[in-house]
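Report on the structure given below.
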Amino acid sequence: MSELEKRENYNNETFEDIKHIDENGIEFWYARELQSVLNYKEWRKFENVINKATESCKK
C-alpha cells in the first residue's frame with residue numbers, strides 16, 4: 001500500500017467530490033481543497049510538494 005493510500009481521507013470518491021469542470025469540460029482541482037484531502041495541515045508544507053511536482057513535470 002502506498003503512502004498516499006494509507007492517508008485516512010484518501011479515496012477516489014473524495015477526489016471526485018472536489019473535482020471541478022470548466023466550460024470546456026476540462027477537469028481540475030484546487031490546491032487548497034487537495035491540501036485538506038491529503039491531510040496537509042500547513043499550506044507551506046503542501047506548497048513545497050506542489051513546487052517539487054511542478055519541477056518534475058518540467059523535466
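In this text the structure is predicted, and so the values were computed from the model without any measurement.
The same ILVMFWY cluster, assembled from side-chain heavy atoms under 4.5 Å apart, contains both V37 and W43.
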* To do: Show your working on side chain to side chain contact (heavy atoms under 4.5 Å, CB included) between F46 and R32 and close with a plain yes or no.
  => CA-CA 9 Å; F46 188 57; R32 294 282 183 172; over 6 Å; no

Donor-acceptor pairs under 3.5 angstrom involving side-chain atoms of residues 51-59: please list them, not counting sequence neighbours.
unit_1	atom_1	unit_2	atom_2	d
N51	ND2	E47	O	3.3
T54	OG1	I50	O	2.9
S56	OG	K52	O	3.2

Atom pairs and distances, side-chain donor-acceptor, residues 20-29, under 3.5 Å, sequence neighbours left out:
unit_1	atom_1	unit_2	atom_2	d
H20	NE2	I18	O	3.3
H20	NE2	E33	OE1	2.9
D22	OD1	N24	N	2.8
D22	OD1	G25	N	3.1
D22	OD1	I26	N	2.9
E27	OE2	K19	NZ	3.2
W29	NE1	F15	O	2.9

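Taking K45 as the reference, Y40, E42 meet the side chain to side chain contact (heavy atoms under 4.5 Å, CB included) condition, with sequence neighbours excluded.
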